[in-house]
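What follows is a single structure, written as structure tokens, with notes after it.
Per chain, numbering begins at 1; letters A, B, ... match sequence-line order.
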Number of protein chains: 2
Amino acid sequence: MLTPNADWHAWTLSPESSSKTIPARRTVWHPKDWTEFVPVICSGWAAASIVLSNGHRQILSFLLPGDLVSTASLFGPISGRSVEAITEVQYRKFRRDDIKVLLRKNQDMLDQVSKLMIDEREQADHLAVDLGRRMADERIARQILYLAKRLAKRGMMNGQTMAFPLRHRHIADATGLTIHHVSKVLAAFQRAGLISIANRSLTITNVTELHKVGVWP
Amino acid sequence: MLTPNADWHAWTLSPESSSKTIPARRTVWHPKDWTEFVPVICSGWAAASIVLSNGHRQILSFLLPGDLVSTASLFGPISGRSVEAITEVQYRKFRRDDIKVLLRKNQDMLDQVSKLMIDEREQADHLAVDLGRRMADERIARQILYLAKRLAKRGMMNGQTMAFPLRHRHIADATGLTIHHVSKVLAAFQRAGLISIANRSLTITNVTELHKVGVWP
DNA sequence: CGAAAATTTGACTTTAGTCAAGATGGGTGG
DNA sequence: CCACCCATCTTGACTAAAGTCAAATTTTCG
């Protein structure tokens, strides 16, 4: 998440970076689009993913307002990643070269980006652990808990309730499972009273038990 | 992989960074060791991994000579990662603050680190795709092909033959499988004439077919 | 050499995937 | 407002992939 500061604000006002709106379920950013610009999500939910030739897809992260798609992409073009809007999304794009200049003259911003990089690395590590070493129910519970934590940091939780625009397809692609299995696990969670989902909104009804299922710290 | 340049050489000679030797199967770096220094592998093979409380482990990458353990760790302390020697390993440790200074005054090195970051991000993406969306035989074939490619870049391939100090445990922990299943898949690969393993050395005997199994580009 | 670690193998179990068929639900055009 | 369409979700029966357990070998290391 990018915390704005003076320079960043100057930026977001520059003509280059006027915000664009994309309707739900449309592609925000193609794998080929990374040469010159870098997108930042301003509102809505999106997913950064890699699509295989056989049509399978791995979601690498869900993008919430304020999220840079990838910190590494600030330093040079990355390859193969696409970004898809989950809800309607507003985003801005920044010219990489301009950001580099900004980073060089602004120590404060460099520190912030350093922190982002470390966070992102840590998130990538957790993803690998989850996909490689955890059961389906753990993965799904953890995905819910990760999201709750990130939304809370943005003041987007209402008690234990959060907006939940994700389709089962998104959860499946983020956790390496099939939509059918996701459906079964979520149904089981609801039967067990851990969560309840209605109207694209999710409430954690038993935090303790959900933590236990997700082997949460 | 870090390509040495003048400044880097000055570095490796500094008293702080004299090289250390660790015998095979010993821990090189503990999860708590990241506060001030950063290790670089000079010779031998190591594995960077995360260990769960239940004893399970996910290997995030195999480290070959010249590898920095994590580029993000240059910018600040990272958490939870340990590094284990697979063969006997020589490594040097660098003080993060000194590296930062070096990076600031040396444009060339900054460019190099940028490239490293992008490579590392890409490798993390591939790991997630492999763990989330591929079958056991694909994962193992790909792991062999990744290693062959990296070794080739270092001039450490002898035709289609490479040193192969990995235990089944390492392959299992890198691919998210059990040692038993790894053993079965490797046996099948050998029966099918794709590879042959002997004396801690692996030869790819049918590149085309191994590429096919690994869905290699 | 002898103990400990690693590998191999087979029988059996568990987990998650595949397939198929309905149910639900939201949005659109008449 | 309703009828219809499409995407999504649900469920159950069955299959396939990988894990577990156990026991024998083989290799490695001290």
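Taking atom NE2 of B/H180 as the reference point, atom P of C/dC12 lies 17 Å away to the nearest angstrom. If you take NZ of B/K184 and C1' of D/dA17, they are 11 Å apart, rounded to a whole angstrom. The interatomic distance linking A/L202 (CG) with D/dC9 (P) rounds to 13 Å, in whole Å. Put simply, CD on A/E138 is 15 Å from C1' on C/dT14, counting in whole angstrom units. Between A/R26 atom CZ and D/dA7 atom P there is a gap of 14 Å when expressed in whole angstrom units.
Rounded to 10 degrees, the angle separating the terminal helix axes of the helix from C/dC1-D/dG30 to C/dG30-D/dC1, each built from five base pairs, is 50°.
In this structure, A/R25 places its CZ atom where only 12 or fewer heavy-atom neighbours from other residues, nucleotides or ligands lie under 6.0 Å away. Within a 6.0 Å radius of CG in B/N199, other residues, nucleotides and ligands contribute 12 heavy atoms or fewer.
Where B/H181 and A/R200 meet DNA chain D, the nucleotide closest to each residue was compared, and A/R200 sits on the side nearer the 5' end. Along DNA chain C, the nucleotide nearest A/V182 and the nucleotide nearest B/L166 are compared for position; the residue whose nucleotide lies closer to the 5' end is B/L166.
Put simply, B/S183 has a side-chain N or O that comes within less than 4.0 Å of OP1 or OP2 on C/dT8. Between B/H168 and the phosphate of C/dT8, there is a side-chain N or O to OP1/OP2 separation shorter than 4.0 Å.
A side-chain N or O of A/S79 and one of B/E122 form a donor-acceptor pair less than 3.5 Å apart.
As judged by a 4.0 angstrom heavy-atom cut-off over every strand, B/L177 is placed among residues touching the sugar-phosphate backbone only.
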